[in-house]
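The next block holds one structure in the form of structure tokens; read it before the comments.
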Amino acid sequence: MLALPSENVKIMSVVVKIKEAAVRSIEAIYSVSIKPEQILVNATKPEFEGDYTVVLFAFVKQLKKSPDALGQELGEHIVAQNPNLFTGFNVIKGFLNLSVANQFWLDFIAAQKNNQQYGIQPSNGKKVMVEYSSPNTNKPLHLGHLRNNFLGWSIAEILKANGYEVAKTCIVNDRGIHICKSMIAWQLFGHGATPASTGMKGDHFVGDYYVKFNDAYKVEVAALVASGMEQEHAEKAAPIMKETQQMLLDWEAGKPSVMELWRNMNGWVYEGFDTTYKKIGSDFDKTYYESNTYILGKDLVESGLEKKVFFQKDDSSVWIDLTGDGLDEKLVRRKDGTSVYMTQDIGLAVHKYDEFKADQSIYVVGDEQNYHFKVLKLICQKLGIPAADGIYHLSYGMVELPTGKMKSREGTVVDADDLVDAMVNIAQQKTEELGKVKDFTSEELVELYDTIGLGALKFFLLRVDPKKKMIFNPEESIDFHGFTGPFVQYTHARIKSILRKQEDTVLQNSGTEVLLPLELELTKHLELFPSVLEEAAIEHDPSKVAIYLFELAKTFNGFYTQHSIANAESDEKKSLRIYLSKLTAQVLQRGMSVLGIRVPERM
RNA sequence: GGCUGCGUAGCUCAACUGAAUAGAGUACCUCACUACGGAUGAGGGGGUUUUAGGUUUGAAUCCUAACGCGGUCACCA
């Protein structure tokens with residue numbers, strides 16, 4: 001959990017103000033010492049009078065007062081002491097409902113109406129690394145990678161908005177037996193074909209050879225089994241597998257012909273990845289390649305042995321004993337002296353820390369690796385590595401289909417490029433049906449379809465709690481109504497359209513208008529934005545932002561249908577509503593941008 | 001099997017980390033347009049929060065157990 005330094009929390013939201021006021025009053029009346037965190041403040045339920053509610057039960061025992069008596073005393077004191085903030089209170093069954101002064105909200109609007117940076121915090125001097133995407137160079141990106149990319153990118157942006165300096169990194173898994181499989185298959189079946197000669201995207205091209213390898217491998221194993229060999233033995237004895245294993249050895253030995261093939265094929269894949277990353281708006285400040293990092297961490301094994309954190313077995317393999325921590329023994333160096341995944345990750349953690357000195361290093365990796373990261377952090381701590389405490393595994397749940405898990409062997413993997421294209425096509429189709437942007441140039445249209453199609457997809461994947469596994473229903477994802485990206489985008493476009501027509505209006509705010517219920521509701525929602533961004537950063541959870549934006553858009557739409565902006569009751573009201581509309585559009589834009597989603601001026 | 005995560009409307013998700021009558025979207029059924037943008041708004045039905053106990057003034061939330069579904073327990077990464 002990311003701890004925000006208390007001196008930096010100066011987003012004085014109403015809720016924070018109420019908590020502090022409550023603390024002052026309780027301390028003054030009862031001469032006890034309490035902290036703002038002990039006080040629970042909720043938005044008052046619509047059926048009761050008031051705006052915010054202090055829940056009193058927590059203090060009933062400590063102060064030896066009945067909830068009603070406590071509420072009365074506290075309510076009287078808090079309102080008397082904060083006449084600018086509160087206008088009244090009522091107590092119902094242990095809940096102290098406070099009414100906030102109309103003027104407070106008008107002041108809020110006046111203060112923020114021209115603040116282009118509303119919600120954005122100044123630098124707090126802290127650095128964070130966010131590692132995400134982690135692709136393999138033997139196959140193209142799929143739906144799971146999309147959730148990963150969108151999450152990583154968004155969390156980086158949310159942290160930036162909260163004043164952190166952020167470095168986005170990517171570790172590319174570009175070596176190992178699986179890469180050699182594609183290479184062998186290309187040698188056997190490629191006949192010199194290239195992405196250019198076939199007109200294919202490089203990552204798909206290489207991915208196809210990975211599939212071809214598995215097909216050929218299956219055939220060979222089946223033949224061996226048919227000739228009487230046992231399955232397990234046949235899997236090791238298949239000639240194509242033996243060739244592949246030899247190739248891995250050749251690669252590790254740096255054999256020139258293998259290295260050349262490897263560079264070529266990886267080059268094709270990277271070209272394909274670049275296209276996809278550009279399309280989905282993902283980027284990295286620094287990319288690490290496992291072919292460079294897989295040797296890291298070897299010296300750490302030595303120092304770990306010296307420190308007696310590690311121990312050596314008779315076959316000379318090196319281990320760490322974590323049974324005291326409720327875990328198992330874990331291998332950190334093979335008997336042949338080569339390092340394992342864990343060792344590389346320790347090495348990379350140290351390497352990254354040396355380069356960036358990040359206070360926190362976030363790994364956006366699926367929850368199937370929970371155990372690995374638990375162990376990684378623990379080993380780093382035992383080794384006394386400075387980077388250790390900053391390691392944070394942002395464990396996200398798998399994306400499943402209504403039919404179950406995605407399985408490459410069963411061909412149920414949803415390809416990232418295909419999915420993005422499909423979403424963009426649907427956006428085009430729906431836009432054409434509505435026919436509102438017939439005057440757009442073809443370039444503008446292409447950009448608009450991208451904005452909407454990708455917006456729908458990103459919003460769909462980001463709107464659920466990252467920690468939970470989610471089900472991706474293709475039919476639901478292409479729905480542009482309700483809790484969706486296009487709904488938020490539409491609301492933004494609509495506001496912009498209205499504002500365009502009011503450009504010449506001379507704004508005049510008397511600063512004394514009385515807010516109508518729907519105006520007040522919208523204002524309250526707008527006031528929440530900085531706290532939502534802060535909470536999203538603390539929780540590493542973009543879904544908080546997505547949910548907030550949807551509710552804000554909904555609130556605006558409700559306000560909009562009831563109150564005319566252009567034909568407001570008075571010039572003052574008109575100005576006020578224009579301010580609210582502008583601020584809403586700005587918050588929608590800013591909020592969507594930290595999710596990696598653009599909002600159109602028209603759609 | 002050990003460890004670990006999850007189980008909330010038909011479906012997809014919320015619930016401020018223990019508070020008022022568990023909320024949204026979707027689907028289904030009504031209603032409102034010659035609109036400052038209908039990719040909209042208003043309303044309706046739909047829940048014993050898997051089950052059984054326990055703690056508490058108060059439990060979807062914490063504890064115990066059962067059932068169900070995942071993940072992980074590789075000298076793969």
Side-chain angles (χ1 to χ4, degrees), chain A residues 15 40-45 47-48 53 55-58 60-61 67 92-95 97 134 136 171 173 175-178 290 294 313 315 317-319 326-328 330-336 338-342 344-345 366-372 374 395 397-398 400 402 404-405 427 430-431 433-434 436 452 460 463-465 467-473 475-477 479-484 486-491 493-502 531-532 535 539 543-544 547 550-551 554 557-568 574 577-578 581 602-603:
Chain A
V15 171
L40 179 59
V41 175
N42 297 331
T44 302
K45 300 253 170 188
E47 57 267 36
F48 302 105
T53 298
V55 183
L56 302 166
F57 296 106
V60 168
K61 209 173 277 178
I92 299 169
K93 290 200 302 184
F95 297 89
N97 300 323
S134 19
N136 290 338
I171 172 84
N173 185 346
R175 61 165 285 280
I177 193 85
H178 48 295
E290 214 179 277
Y294 86 108
K313 289 196 176 175
D315 64 359
S317 59
V318 180
W319 298 72
L327 305 172
D328 297 321
K330 189 83 189 170
L331 179 85
V332 294
R333 191 170 75 189
R334 297 190 185 96
K335 62 188 171 196
D336 64 6
T338 57
S339 62
V340 292
Y341 177 44
M342 182 58 73
Q344 296 163 30
D345 256 11
D367 60 9
E368 57 200 352
Q369 294 202 40
N370 282 354
Y371 182 74
H372 172 77
K374 196 173 174 183
S395 162
M398 296 287 105
E400 295 178 9
K405 290 198 74 178
K430 299 214 172 185
T431 305
E433 278 170 21
L434 292 170
K436 290 181 185 176
I452 299 172
F460 190 85
R463 69 180 198 182
V464 300
D465 186 339
K467 291 187 288 293
K468 297 190 174 170
K469 73 172 183 213
M470 65 176 292
I471 294 181
F472 182 86
N473 186 332
E475 283 167 31
E476 253 178 69
S477 71
D479 191 352
F480 290 178
H481 302 278
F483 188 14
T484 67
F487 173 84
V488 177
Q489 290 174 321
Y490 171 79
T491 306
R494 184 195 229 182
I495 295 171
K496 283 309 186 91
S497 168
I498 295 160
L499 290 175
R500 273 193 295 276
K501 292 176 181 156
Q502 298 301 328
S531 325
V532 169
E535 194 192 351
E539 305 274 330
S543 76
K544 304 265 189 240
I547 292 167
F550 169 62
E551 281 172 351
K554 210 167 43 151
N557 287 333
F559 153 78
Y560 160 89
T561 50
Q562 291 298 313
H563 302 298
S564 176
I565 295 163
N567 302 310
K574 183 170 178 179
R577 288 177 192 164
I578 288 174
S581 303
R602 293 174 54 195
M603 64 187 277

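Letters A, B, ... are given to chains in the order of the sequence lines, protein chains preceding strands, and every chain is numbered from 1.
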Please give, in whole Å, the distance from [N] [atom2] to [X] [atom1]?
| X | N | atom1 | atom2 | answer |
| --- | --- | --- | --- | --- |
| A:Arg494 | B:U40 | CZ | C1' | 5 Å |
| A:Asn136 | B:C76 | CG | C1' | 11 Å |
| A:Glu433 | B:G38 | CD | C1' | 14 Å |
| A:Ile547 | B:C13 | CD1 | P | 12 Å |
| A:Lys335 | B:A74 | NZ | P | 15 Å |
| A:Asn42 | B:A22 | CG | P | 15 Å |
| A:Met398 | B:U12 | CE | P | 18 Å |
| A:Lys469 | B:G5 | NZ | P | 14 Å |

Across the strands shown, which category fits [X] at heavy-atom distances under 4.0 angstrom: base, sugar-phosphate, nothing?
| X | value |
| --- | --- |
| A:Thr561 | sugar-phosphate |
| A:Arg333 | nothing |
| A:Thr53 | base |
| A:Phe487 | sugar-phosphate |
| A:Lys467 | nothing |
| A:Thr431 | base |
| A:Ile452 | base |
| A:Ala43 | nothing |
| A:Leu434 | base |
| A:Asp315 | base |

#### Entry: Anti or syn - B:U34, cut at 90° from 0
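For B:U34, whose glycosidic angle is more than 90° from 0, the conformation is anti.
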N or O in side chain of [X] less than 4.0 angstrom from [N] OP1/OP2:
| X | N | result |
| --- | --- | --- |
| A:Lys501 | B:G37 | yes |
| A:Arg175 | B:C76 | no |
| A:Tyr560 | B:G38 | yes |
| A:Lys374 | B:U72 | no |
| A:Arg500 | B:C36 | no |
| A:Lys544 | B:A15 | yes |
| A:His481 | B:G25 | no |
| A:Asn557 | B:G41 | yes |
| A:Ser497 | B:G37 | yes |

Side chain of [X] only, heavy atoms from C-beta on: which candidate in [options] is closest?
| X | options | value |
| --- | --- | --- |
| A:Glu400 | B:U26, B:U17, B:G70 | B:G70 |
| A:Asn173 | B:C13, B:G71, B:A77 | B:A77 |
| A:Ile92 | B:A20, B:A14, B:C36 | B:A20 |
| A:Glu290 | B:G70, B:A77, B:U40 | B:A77 |
| A:Thr44 | B:U57, B:G37, B:A20 | B:A20 |
| A:Tyr490 | B:G37, B:A20, B:C13 | B:G37 |
| A:Val464 | B:C13, B:C36, B:U26 | B:C13 |
| A:Asp465 | B:A19, B:A14, B:G71 | B:A14 |
| A:Lys554 | B:C36, B:U21, B:G41 | B:G41 |
| A:Trp319 | B:C75, B:A14, B:A24 | B:C75 |

### Message
Between the base of B:A19 and the ring of A:Phe95 - centre-to-centre under 5.5 Å, planes within under 30° - is that a stack?
### Response
no
### Query
Can A:Phe550 be classed as stacking with the base of B:G25, given a centroid separation cut-off of 5.5 Å and a plane angle cut-off of 30°?
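Base of B:G25: not stacked against A:Phe550.
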Can you tell me how far the [atom1] atom of [X] sits from the [atom2] atom of [Y], to the nearest 0.5 Å?
| X | Y | atom1 | atom2 | value |
| --- | --- | --- | --- | --- |
| A:Arg494 | A:Ser581 | CZ | OG | 11.0 Å |
| A:Gln502 | A:Arg577 | CD | CZ | 12.0 Å |
| A:Gln489 | A:Thr484 | CD | OG1 | 8.0 Å |

Taking atom [atom1] in both [N] and [M], what distance in whole Å separates the two?
| N | M | atom1 | answer |
| --- | --- | --- | --- |
| B:U57 | B:A20 | C1' | 13 Å |
| B:A19 | B:A59 | P | 11 Å |
| B:U30 | B:G46 | C1' | 15 Å |
| B:G71 | B:C63 | P | 24 Å |
| B:C13 | B:G1 | C1' | 34 Å |
| B:G2 | B:U64 | P | 15 Å |
| B:G47 | B:A24 | P | 16 Å |
| B:C11 | B:U17 | P | 29 Å |

## Note on the structure
Shortest non-hydrogen pair, A:Asn97 vs A:Phe48, comes out as ND2-CB, 3.9 Å
### Task
Indicate the atoms forming the closest heavy-atom contact of A:Met603 with A:Pro486, along with that distance.
CE-O, 3.9 Å
### Message
Tell me whether A:Arg463 forms a cation-pi arrangement with A:Phe550, defined as NZ or CZ under 6.0 Å from the six-membered ring centre and within 45 degrees of its axis.
### Response
no
## Note on the structure
Here RNA chain B, pairs taken as Watson-Crick or G-U under 3.5 Å and shown with ( ), [ ] when crossing and | when to another strand, reads (((((((..((((.....[...)))).(((((.......))))).....(((((..]....))))))))))))....
### Query
Can A:Asp465 and A:Lys467 be counted as an ion pair, charged N to O under 4.0 angstrom?
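Yes, this pair counts.
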### Query
Between A:Thr431 (side chain) and A:Ala427 (backbone), is there a donor-acceptor pair under 3.5 Å?
yes
### Task
Give the ring-plane orientation class for A:Tyr341 versus A:His372, where under 30° counts as parallel, over 60° as perpendicular and anything between as tilted.
parallel
